[in-house]
Amino acid sequence: MQNKKSRRQRDTLRLSLSPMLAERKLVLITALHALGDTSDSNLQSICQHEHETDCEQCESLETVLKEIESEINCVEMPEEHRWRLSHDYKLCLASIQEWKAHLLRTVNQEEGKQFALVHVDSTSCLIVMDWAMKYLPQRYRQRMSDFFGKRGRSWHVSAVITKHTEKFQVECFVHLFDNCTQNSFAVASIIEHLLNTIKKESPEIENVFLRSDNAGCYHSGPLLLSLPFIGQRTGMTILRYDFSEPQSGKDICDRKTAPMKARLRRWVNEKHNVITAEDMKTGLESHGGVKGVRAAVVKVDTNKEITANKIPGISLLNNFSFEENGIRAWRAFNVGPGRFLSYSQLEVVPQEETGLKVLKEWGPRSNNLGSVSHASSPRGEIFSCSESTCVLTFKTREEAEAHMDAGKHVRASDLDCESVYDAARKKWADRVGEMHVASGDRQRIAFEEAGPSSARERRNKGWALKSTKRTNRMEEKVKAFLVQKFNQGVAGGKKADPIHVARDEEY
């Protein structure tokens, strides 16, 4: 299905993963253990060592949680009150552990973006995609009746990251719709139209990396299995598709959407109406347009949609590499050799040309794309990375934006120091009441006196993987309790307080 050149490119990408892993520190090696799927040997990495090394910062949290549990069990209080506190403690403990697993998955999936950026050169690009929040039509003057019942206009943002003269450049392509169902076929149509545009304007680009969030229109079998056919028709080779962890990974699209919304608000304030997708395009291109942004009004041809293609267990798979005869999938980026799914095994139905209808073509290409630039005069302000764990600071806003678009975050653990966010939290803790944060030797002594940690007891393989939760039906005793509260309100004429009912129902 793919030519020999594409096959060599994929082999190079797979071999180059090894030196990247060799540079990681112990925390990321441990992440391979935490993100390994014990039910599938292809989705786990075999460790040649015992996981006996502890992190003092992680263990200090476990120590505090143990102390809280001990206080709940030792302090004199009514048994009902103790039972309620124990219940709340267990819920909070589970939430903290899920949050730690989420942070670990976020950092690991970010490695997929960094891997793509390392391999972006003059012949390849990285595309980060996201549906922006639907735009509600606005009039310069509107009646109250016009305010209600509005139907939002869909617009899709694709940030294309390329590399020229050792610098990353970002150009955003916005597809505007009057009416659109945000499904996998709409995304496939957008990708095919976008790749045709890139190939026409930059014929030297041959390879593509894709990245998006886990929305159903992206994370679906019909879209993933249609990409090889789209690549053949456009003359581009789609190498990988990596999904980000929820609430992270697509910040570049959000940063580009903000100035576009501001430009539309300015256009409305200048006594114009923005009702249709064509009006949105006119507003975005007003006053010279938004730097590095181009828009087109399009319409999806739903007659060519194919929904028969399926990938088993796709909800648990987050990274995909396209090979000659199939797709290789991972639950977490580069953890294990990956599960190979052949096209013959999946019984793939070929996706025909999507035929996206272009109603208004792209605007003129801007000569000034998003890139790292230098201020003409010195400034005293310091700009920080928006990622709370990143310790890098910059002299200009342009450098900070370029880092957040295509840079690598440097965390406190990489430099053996603490981030500005952590330092601010410690200062705040020292100033409020009697709360004090142990640091240095005090924290180490508390860690050594804690003895065997609860983290060691639960350090089983795959603890940070996302698990599927099963929803339970309401029990009969819960139904009876709610009916009782309702009947009491009917008989007494006083409606029960929902907050109190919900609290009593928990216990």
Side-chain angles (χ1 to χ4, degrees), residues 17 20-66 90-115 211 213-214 219 242-250 313-320 328-339 387-390 408-409 411-414 419 421-422 447 452-470:
L17 282 173
M20 289 182 63
L21 287 177
E23 297 176 358
R24 292 185 180 183
K25 294 189 176 182
L26 179 61
V27 60
L28 289 182
I29 297 177
T30 306
L32 299 179
H33 175 82
L35 296 171
D37 187 353
T38 56
S39 63
D40 191 338
S41 59
N42 293 320
L43 302 179
Q44 59 178 305
S45 297
I46 305 301
C47 297
Q48 304 297 334
H49 59 277
E50 296 293 334
H51 292 264
E52 297 179 348
T53 304
D54 294 312
C55 171
E56 294 185 13
Q57 295 180 347
C58 295
E59 293 300 327
S60 63
L61 173 61
E62 300 293 337
T63 302
V64 171
L65 294 175
K66 281 294 183 181
K90 292 177 182 178
L91 294 179
C92 294
L93 180 61
S95 299
I96 291 174
Q97 292 175 353
E98 290 178 2
W99 179 247
K100 288 177 63 178
H102 164 71
L103 294 179
L104 181 56
R105 293 194 302 268
T106 299
V107 173
N108 189 73
Q109 288 302 108
E110 177 68 16
E111 291 293 319
K113 178 182 177 181
Q114 299 302 326
F115 172 76
R211 184 176 179 85
D213 59 13
N214 277 284
H219 206 164
D242 297 298
F243 294 93
S244 61
E245 182 70 7
Q247 301 179 355
S248 64
K250 57 185 181 64
I314 189 174
S315 60
L316 299 177
L317 303 174
N318 298 302
N319 304 89
F320 298 87
R328 191 172 296 276
W330 292 264
R331 288 194 66 174
F333 175 74
N334 201 39
V335 177
R339 179 192 300 167
E387 177 68 27
S388 60
T389 59
C390 184
K408 182 175 178 61
H409 297 299
R411 295 175 172 81
S413 58
D414 300 330
S419 65
Y421 181 67
D422 290 336
F447 167 72
S453 69
S454 58
R456 184 173 300 171
E457 296 172 0
R458 64 176 178 83
R459 195 182 290 120
N460 53 328
K461 196 166 191 175
W463 65 267
L465 287 174
K466 186 183 297 183
S467 58
T468 56
K469 294 184 178 180
R470 196 176 167 187

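Smallest separation of non-hydrogen atoms from Trp330 and Gly336: NE1-O, 2.8 Å. Closest approach of Leu465 to Gly36, counting heavy atoms only: CD1-O, 3.6 Å. Of all non-hydrogen atoms in Lys466 and Arg105, the two that sit nearest each other are N-NH1, 3.7 Å. Closest non-hydrogen pair, Phe333 versus Asn319, comes out as N-OD1, 3.2 Å. For the pair Asn214 and Phe243, the tightest heavy-atom approach, listed with the atom from each and the gap, is OD1-CB, 3.7 Å.
With rounding to the nearest 0.5 angstrom, the CG atom of Asn108 is 12.5 Å from the CG atom of Leu103. Summarising the geometry, atom CG belonging to Asn334 is positioned 7.0 Å from atom OG belonging to Ser45; distances are rounded to the nearest 0.5 Å. Here the straight-line distance linking atom NZ of Lys66 with atom CG of Leu61 works out to 12.0 Å at 0.5 Å rounding. In this structure, NE2 in His219 is found 4.5 Å from CD1 in Ile314, a value given to the nearest 0.5 Å. Expressed to the nearest 0.5 Å, how far CG of Leu43 lies from CZ of Arg331 amounts to 7.5 Å. If you take CD on Gln109 and CG on Leu104, they are separated by 10.0 Å, rounding to the nearest 0.5 Å.
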- Task: Before giving the answer on salt bridge (Lys or Arg N to Asp or Glu O under 4.0 Å), spell out for Arg211 and Asp242 the whole-Å C-alpha distance, their side-chain angles and the decisive distance to 0.1 Å.
- Result: CA-CA 5 Å; Arg211 184 176 179 85; Asp242 297 298; 5.2 Å; no
- Please assess Lys100 against Glu62 for the test salt bridge (Lys or Arg N to Asp or Glu O under 4.0 Å), listing each intermediate value before the final yes or no. CA-CA 12 Å; Lys100 288 177 63 178; Glu62 300 293 337; 3.4 Å; yes
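The pair Arg339-Asp40 meets the salt-bridge criterion, since a charged nitrogen lies less than 4.0 angstrom from a carboxylate oxygen.
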